[in-house]
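Report on the structure given below.
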Amino acid sequence: MTFELKTKIKDQRPKPDKIMSIANTRTETIIAAGIIEENDQVAARVEHLRALEALVGNSYPNKFDRSRISDQEDAISNLLAFKPVAEVLAEIKSHIGTLAEGARPDPVLKDALNKKLKFYGTARVSGRLTTTPRTMGKAAFVHLSDGKHRLQIYVRRDDVQGVFNGKLTPAGEPPNQTPAPEAVDGWELFKLLDGGDFVGVEGFLFLTNTGELSIHVEKLQFLSKALLPMPDKMHGIADPELRRRYRYADLIASSLQVEHDGLTTREVFERRARLISGMRRFLDDAGYIEVETPMLSPKATGAAATPFETYHNALDIPLYARIAPELYLKRLTVGGFEKVYELNRNFRNEGLSHKHNPEFTMLEFYCAYMDVNGMMDFAEAMIRESVEKATAGSHLVVFDGREIDFSKFERLSMKDAILRYGDVGAVEITDANIVELFEDHVEENLIQPTFIVDYPKSISPLSKANPENPQLAERFELFINGMECANGFSELNDPQEQYERFVDQQKARESGDHEAMVLDEDYIRALSYGMPPAAGIGIGIDRLVMLLTNRHSIRDVILFPHMRPLTKEVGEVEEVGEV
RNA sequence: GGUCCGAUAGCUCAGUCGGUAGAGCAAAUGGCUUUUAACCAUUGGGUCGAAGGUUCGAGUCCUUCUCGGAUCACCA
């Protein structure tokens, strides 16, 4: 019903073939379809693209050969790190460092360094124009970006030759027989460029009067068009919503060095990548094997959460997006993988918040013959070392103006934590209220990394009991800045007891607790083959990244977080559907 | 789901007590052959998130809705 209405409304949009017939060029097509907006900025860029096609032929050539230094492609970042270039840069930088603000470097030194740069010969680099060219009559400066670093190029009318990209033959038309020019007017080409376009250049390196490394361009080739204007050069994309919706544009602003809370968006995700690779390396080096277990599973279990439900047509069964890989990983310890980990997404169909996204990344790992205490030791070392990898050597991070120290994790029983932090007055701590007291009064006070231990067994259905106090589970959770970042325990491996705990959960489920854990009979069967004593942990990667990047929302550490669609169609349809 | 805040030019924002819609950047045109958020001159650019209401008159006041943010409840 709703579906039909939705289709009807969608049908009212212009049909693609209709759009094609209105539009004259392929560029106007995407404007007519409403995919990119129609305004004076876009119109100017479309005009420039047409003029460029008339000048250089193919406006989207297939490749650009960049010069090679050592064994790497000459990305701008690599060129800047190239030893002779880096030495010249270091020299000019130390010289400029001694100059008064705004003063220019000594021309004699500059000329000497420029002679050194001549030895590099011709450089061929390519990148995106980060800004609109600063044109001064018959010469201009503009920066090229490889996404990470910027390099200035200098274009003079009398020195620049344009490259012809090959003839454009519209589909269905016979090839044009007129001979292609070998070169085109480079200055004409340059004047048609907009901020954001991609070009390849060839020329020689030099230092400008102000001491900035630049390429004096001799050949200029057009590589790709930016039809949409670039983000604001000072503010980037200021609206957090648009930064998340159009992450690609948000990332472009990173090459303009636009920072938010001290880091560019690119740096956030580079740091995230280094944390994850640090964790992988630590686990690989410790003899763990990485595995992938089902994302789609007939049982949504291993955690207390509401799953996403889907359906497999050929099998004719419902499937659930996994809420945790835990029970599969422990099946693998049964199978003989003594050290095993999985670093991947979990899905929970629950509310969104600054620390909850419907899909989130979790690292889970299990180690046979280890108990909860060994796991805390190991996890502490792993997190400390990975954090240092992510932050280039520091175990200190500043979050929200507060310093967090990853060098030492405190361990505190839940009860002691309440006695220390919880201003609970004369309330007696009992098995029934301890968790509530902890969550309400303690969690927000756990700023420095703290393992909380001695959880009630009743809320830990997959955990072994503490041998000294059977009412407690051998379980811990790691809290940092008031956020739960990890959860681990000595894994329950007795199939009989595990079955009974599942049955208890099932009863809780039937009496209304819809998030109580789902019984998994095959898991009980797996345990019946015998599982070694083992400890396991799940670490919330996104939350750790938040702490390392001073981001207050999980959506700022996920490249493409889920957002409501921009179109209003859905809302309109729902209203109609209810009538 | 509850509460609070926000949406104005392509971007960043101002808009006083309800009285003709503003600036900077970006764009277009012209000038300038080592600039640094380049500069100078000229020009164009608006469904004030959407719908309704109050009013002689609404960007501004009221109601509803959409989207987003913050926060509370549940979950990691």
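Since this is a predicted model, take the numbers as computed values, not measurements. Computed over heavy atoms, backbone and side chain alike; hydrogens, waters and symmetry mates excluded.
Between the CG atom of A:L193 and the C1' atom of B:A28 there is a distance of 17 Å, given to the nearest Å. In this structure, the NZ atom of A:K138 is 9 Å from the C1' atom of B:G31, given to the nearest Å. To the nearest angstrom, P of B:U33 lies 14 Å from NE2 of A:H216. When the P atom of B:A7 is taken as reference, atom CD1 of A:I237 falls 19 Å away, rounded to whole Å. Atom P of nucleotide B:C75 and atom CD of A:E439 are separated by 6 Å, given to the nearest angstrom. Rounded to whole Å, the distance from CD on A:E47 to P on B:A28 is 11 Å. The NE2-P distance, from A:H143 to B:U35, rounds to 13 Å in whole Å. Across the protein-nucleic acid pair, A:L227 atom CG and B:G10 atom C1' stand 14 Å apart, rounded to whole Å.
Using cut-offs of 30° and 60° on the angle between ring planes, the pair A:H552 and A:F399 is tilted. Taking the six-membered ring where tryptophan is involved, the planes of A:Y248 and A:Y246 are tilted, since the angle between them lies from 30° to 60°.
A pairwise comparison of heavy atoms in A:A140 and A:F190 identifies CB-CE2, 3.3 Å as the closest pair.
For A:E350, the side chain to side chain contact (heavy atoms under 4.5 Å, CB included) criterion is met by A:A305, A:T306, A:R348, A:E515, not counting sequence neighbours.
Taking atom C1' on both B:A58 and B:U20, the two are 14 Å apart, rounded to the nearest angstrom. Distance noted for atom C1' between B:U55 and B:A23: 31 Å (whole Å). When the C1' atom is compared between B:G49 and B:G30, the two are found 39 Å apart, to the nearest whole Å.
Within the 4.0 angstrom heavy-atom criterion, only backbone atoms of the sugar-phosphate kind lie near A:H48; the bases stay farther away. Base engagement by A:Q152 is indicated by at least one non-hydrogen atom pair under 4.0 Å involving a base atom. Here A:N349 lies out of heavy-atom contact (under 4.0 Å) with every strand. Within the nucleic acid shown, A:A304 comes within 4.0 Å of sugar-phosphate atoms alone, with no base atom in reach, counting heavy atoms only.
Residue A:H356 places its side chain closer to B:C75 than to any other of B:A37, B:U33, B:C75. Of the candidates B:C75, B:U35, B:A28, B:U35 carries the atom nearest the A:E212 side chain, counting heavy atoms from C-beta on. With distances taken from any side-chain atom of A:A238 to the nucleotides B:A27, B:C75, B:C13, the minimum falls on B:C13. The listed nucleotides are B:A28, B:U33, B:U12; the one nearest the side chain of A:R156 is B:U33.
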Please tabulate the protein-to-nucleotide N/O contacts below 3.5 Å involving nucleotides 69-72 of chain B, giving atom names and distances.
from	atom 1	to	atom 2	distance (Å)
B:G69	OP1	A:R244	NH1	2.6
B:G69	OP1	A:R555	NH1	2.7
B:G69	OP2	A:R555	NH1	3.4

### Message
Protein within reach of the bases, or only the backbone? For nucleotides 38-44 of chain B, mark each nucleotide 5' to 3' as B, S or -, using heavy atoms under 4.0 Å.
### Response
B-----B
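Geometric assessment of A:R247 against the ring of A:F560 yields a negative cation-pi assignment under the 6.0 Å and 45° thresholds.
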